[in-house]
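In what follows, a single structure is set out as structure tokens and then discussed.
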2 protein chains.
Amino acid sequence: MPTIERVPVSQQRPTLADVAAAAGVSVSTASLAFSGAGPIAAATRERVRQTAADLGYTGPNPLGRQLRRGRSGIVGVVVGDALRRSFRDPVSVQVLDGITSELGPLGLGVLLIPGPLDVAEPVIDPLIGSAAMDVAIMLWGGTVNDLVVDALRRRSIPIVLVEGRRQPGLSVIGIADRDGIRQATEHLVGLGHTRIAAVTLPFGPDRTSGFADDERLGDVRWDLTRRRLGGIHDAGVTPVAVYETSASLVEHGTEAGRALLSLPERPTAIVCHSDLLAGGVVLAARELGLRVPQDVSVVGFDGLDLPWLLPDVLTTVAQPLAEKGRAAGREAARLLVEGEEPASVELPVSLVVGTTTGPPPAS
Amino acid sequence: MPTIERVPVSQQRPTLADVAAAAGVSVSTASLAFSGAGPIAAATRERVRQTAADLGYTGPNPLGRQLRRGRSGIVGVVVGDALRRSFRDPVSVQVLDGITSELGPLGLGVLLIPGPLDVAEPVIDPLIGSAAMDVAIMLWGGTVNDLVVDALRRRSIPIVLVEGRRQPGLSVIGIADRDGIRQATEHLVGLGHTRIAAVTLPFGPDRTSGFADDERLGDVRWDLTRRRLGGIHDAGVTPVAVYETSASLVEHGTEAGRALLSLPERPTAIVCHSDLLAGGVVLAARELGLRVPQDVSVVGFDGLDLPWLLPDVLTTVAQPLAEKGRAAGREAARLLVEGEEPASVELPVSLVVGTTTGPPPAS
DNA sequence: GGACGTGATCGAATCGATTCGACCGCCAGG
DNA sequence: CCTGGCGGTCGAATCGATTCGATCACGTCC
């Protein structure tokens, strides 16, 4: 005698229990019909599936499943800043694409979390403290991420840092950027350049811009920027001038280019910490009537495709952007399995010679 | 006499029950101490909070809360394509930024979902069928979204479409783009132009590129493209040539520009469906030694900031991108409250005259 | 002094699934 | 003929919180 317990009121979404009742099996068997995690007769499975379809049941409610499993299947991705700002640079976008392409097939979703909003009075997004996620990936680790790291640590959520300072207890995905810059610089030296200038990423959260004197150069807070500056020295070169920018954007490159190329002792080559900056420098050179590379050589970093720079093609240090994202995704997935320890990865870079470098002018 | 039921094994994360036991209150009271949804003595709340802190309890487990509430607090955002491709156009990024900026303060998170991967054999992301989300926002509604819409509908997840064909049962956030293109075209007509060409967004999922003849023009499958083409006709203009592109990217604009500007009867003005395309056309003109706007005028659409195009500043139809995102977020949040009906919104656009339009050459 | 309203707290049901151990036939091997 | 093993199914506990209704103490008003 069937007790009428669950009358699927038309307005209500059916649950696994409804399906089980309608198919005449127990809830546990119905569950097996969907998860496939256990022995079940093919006929039973089909019957349950069919009843489910008839009832308009579209599969197990993720919320129930997640609670039971203790896993949300969600990877939080903390982007360094307001999205608008982070993603004006295609670099982050490509990394993000790599992350999703790795995580998607594993059934893991990406929850987008804006990083600390302000620098003077950092406010971390409430999602960091309360959203369901099994592991977090932090992009562009430069920013005031200590707050974020702390908050995630408290929740004992494992962390993967993309580009950041190595620290115990979390995984860092980095690239051999110092060595890349060294190679690029040596390429310039090999061509005969001696007056080499640099255009850098921000030194720290204050994000000022302008020529950096020695004192300022001693106060580079962000690791990434310091590493890339170090690469120039590794090639045995001391830059004749260093221009610090407030963000890796074309307009800041142009600003830097104008300043550097108007110096009395004009540099014959400029090493830039990003392709966007380098592109901006090339535009500044054009604007000043200088030929690239005859009058000035320019190298970038990242290996982006800049169609608007044509016919010039940047000489640049290409980093494997999508692979960096995939590596981060892989590492995140790995940290998900119980007891796995964080591990760091360093990916290689490669110098790609384009049309923007050549021998220095005869002078 | 306290029964020793819950011994918080050091390895285990504490639960609300642990906190309640330690603080000597019931679970329900402990819950109140965190949610604040009910009367509770200030002293009790403090005590519970303090014990929680001592135990390292960082707040209610989102999974439990979500199941009970029947809400995940997650908004799925389906981007039209692989992220890499979608986000090469800053348009989507700005819209996404608008969405998060609206949703964040409401405590809602954004789950990033790649759209259908391929056109020939569309595969929709499994997340669409199984991820926890309360409502979905679909960006760039052109693509093979019927599959996605169907899948979401089956799960009875409300949908907000950004830029798409209006249809019953879902909300559409659109802009007055047809009217905007009309204004831009009339601006050109007012300047004296008669030979006006067009560079369009893709006609449909096949994404071919090249000159479109009349037959092809009768087969514009994507609504967005059709509307923008319609705007030209609304101004009483029949384009002397229409060049269809395969994506809204600079390089495709350049390709189109080269083709159009090499025609025997060169158009004196070119209306483009996006700023990236327009920027590409300007580059093509420069490459061919043509002056903008003396030899050819160019108008775009979107209102982006293109620092690499300087000193030229595009004449363009500016759309409120971030506001479009915020409107989508608002609408998504609205659909979350029980019984709210979908509603559509159309945002205004405005013609912004830059330096790329002027009177046609004398001839 | 008794009834009543109110603020604080508690118990228990509930959300929707997964999963462990028990159970039940049935077949094969000894 | 008995037993062991196994495929298939089921019941019940469990994940961690929210929330409804009940309870209780206390102060106030008539």
Side-chain angles (χ1 to χ4, degrees), chain A residues 2-3 5-6 8-9 12-48 52 55-73 107 130-132 134 155-156, chain B residues 2-3 5-6 8-9 12-48 52 55-73 107 130-132 134 155-156:
Chain A
T3 46
E5 282 188 357
R6 297 207 163 246
V9 192
Q12 211 77 4
R13 295 188 55 63
T15 75
L16 193 56
D18 296 327
V19 175
V25 297
S26 73
V27 195
S28 35
T29 304
S31 175
L32 259 31
F34 284 99
S35 70
I40 186 173
T44 316
R45 178 172 52 238
E46 270 325 298
R47 185 156 43 91
V48 173
L55 260 53
Y57 179 81
T58 48
N61 180 327
L63 265 27
R65 177 209 294 269
Q66 286 171 17
L67 174 59
R68 180 61 235 239
R69 290 243 179 101
R71 285 246 133 79
S72 62
S130 65
D134 299 334
R155 295 183 62 192
S156 43
Chain B
T3 46
E5 282 186 357
R6 296 206 164 246
V9 191
Q12 210 77 6
R13 294 186 55 62
T15 75
L16 193 56
D18 296 326
V19 174
V25 297
S26 75
V27 196
S28 35
T29 304
S31 176
L32 260 31
F34 285 99
S35 69
I40 185 173
T44 315
R45 179 172 51 237
E46 270 326 298
R47 185 156 43 91
V48 173
L55 259 54
Y57 178 80
T58 47
N61 181 327
L63 264 27
R65 176 208 295 267
Q66 286 171 17
L67 173 59
R68 180 61 237 244
R69 290 242 177 102
R71 285 245 135 76
S72 62
S130 65
D134 299 333
R155 295 182 63 191
S156 44

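Sequence lines set the chain letters: A, B, ... in the order given, protein chains first and strands last, and positions in each chain run from 1.
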Task: Distance, rounded to the nearest Å, where A:Phe34 contributes CZ and C:dT18 contributes P - done: 10 Å

Task: Spacing of B:Gln66 atom CD relative to C:dA17 atom P, expressed in whole Å - done: 15 Å

- [ ] Of all the heavy-atom pairs spanning B:Ala30 and B:Ala20, show the shortest one and how long it is.
- [x] CB-CB, 3.8 Å

Open item on the list: In whole Å, I'd like the distance from the CZ atom of B:Arg13 to the P atom of D:dC15.
Closed with: 15 Å

Open item on the list: How many whole angstroms separate atom CG of B:Leu16 from atom C1' of C:dC15?
Closed with: 16 Å

Open item on the list: Using every non-hydrogen atom in the two residues, find where A:Leu55 and A:Ala22 come nearest and quote the distance to one decimal.
Closed with: CD2-CB, 4.1 Å

- [ ] Please report the closest heavy-atom contact between A:Arg13 and B:Ser156, naming both atoms and the distance.
- [x] NH1-OG, 2.6 Å

So which protein nitrogen or oxygen atoms get under 3.5 Å of nucleotides 6-9 of chain C's nitrogens or oxygens?
residue, atom, partner, partner atom, Å
C:dT9, OP1, B:Thr44, OG1, 2.4
C:dT9, OP2, B:Ala41, N, 3.0
C:dT9, OP2, B:Thr44, OG1, 3.2

Task: Contacts of B:Asn61 that satisfy side-chain hydrogen bond (donor to acceptor under 3.5 Å, both in side chains) - sequence neighbours left out - done: none

Task: Name of the residue among A:Leu16, A:Asp18, A:Val48 meeting side chain to side chain contact (heavy atoms under 4.5 Å, CB included) with A:Tyr57 - done: A:Leu16

Open item on the list: Under 3.5 Å, is there any donor-acceptor pair linking the side chain of B:Arg68 to the base of C:dT14?
Closed with: yes

Open item on the list: Counting only side-chain nitrogens and oxygens, does B:Ser31 get under 4.0 Å of the OP1 or OP2 atom of D:dT18?
Closed with: yes

Open item on the list: Go nucleotide by nucleotide along DNA chain D from the 5' end; which of B:Ser28 and B:Leu67 gets its closest nucleotide reached first?
Closed with: B:Leu67

Task: Relative orientation of the end axes in the helix from C:dG1-D:dC30 to C:dG30-D:dC1, expressed as an angle to the nearest 10° (five pairs per end) - done: 50°

Open item on the list: Of the listed nucleotides (C:dA17, C:dT19, D:dA17), which one gets closest to any side-chain atom of A:Arg65?
Closed with: C:dA17

Open item on the list: Under 4.0 Å, heavy atoms only, any strand: does A:Tyr57 hit a base, just the sugar-phosphate, or nothing?
Closed with: sugar-phosphate

Open item on the list: So, using side-chain contact (heavy atoms from CB on, under 4.5 Å) as the criterion, who are the partners of B:Ala132 when residues are at least two apart?
Closed with: A:Pro62, A:Leu63, A:Gln66, B:Ser72

Task: Minimum-distance nucleotide to A:Arg69 side chain [options: C:dT18, C:dG16, C:dG11] - done: C:dT18

Open item on the list: I need the CZ-C1' distance between A:Arg71 and C:dA17, as an integer number of Å.
Closed with: 17 Å

TODO: Could you say whether A:Ser35 or B:Ala30 is positioned toward the 5' end of DNA chain C, judged by the nucleotide with the nearest heavy atom to each?
DONE: B:Ala30

TODO: Mind checking the CZ-OG spacing from A:Arg68 to A:Ser31? Nearest 0.5 Å is all I need.
DONE: 10.0 Å

Which atom pairs, one a donor and one an acceptor, fall under 3.5 Å between side chains of residues 36-46 of chain A and the rest of the protein, sequence neighbours left out?
none

Open item on the list: Which residues pass the side-chain hydrogen bond (donor to acceptor under 3.5 Å, both in side chains) test with B:Ser130, not counting sequence neighbours?
Closed with: none

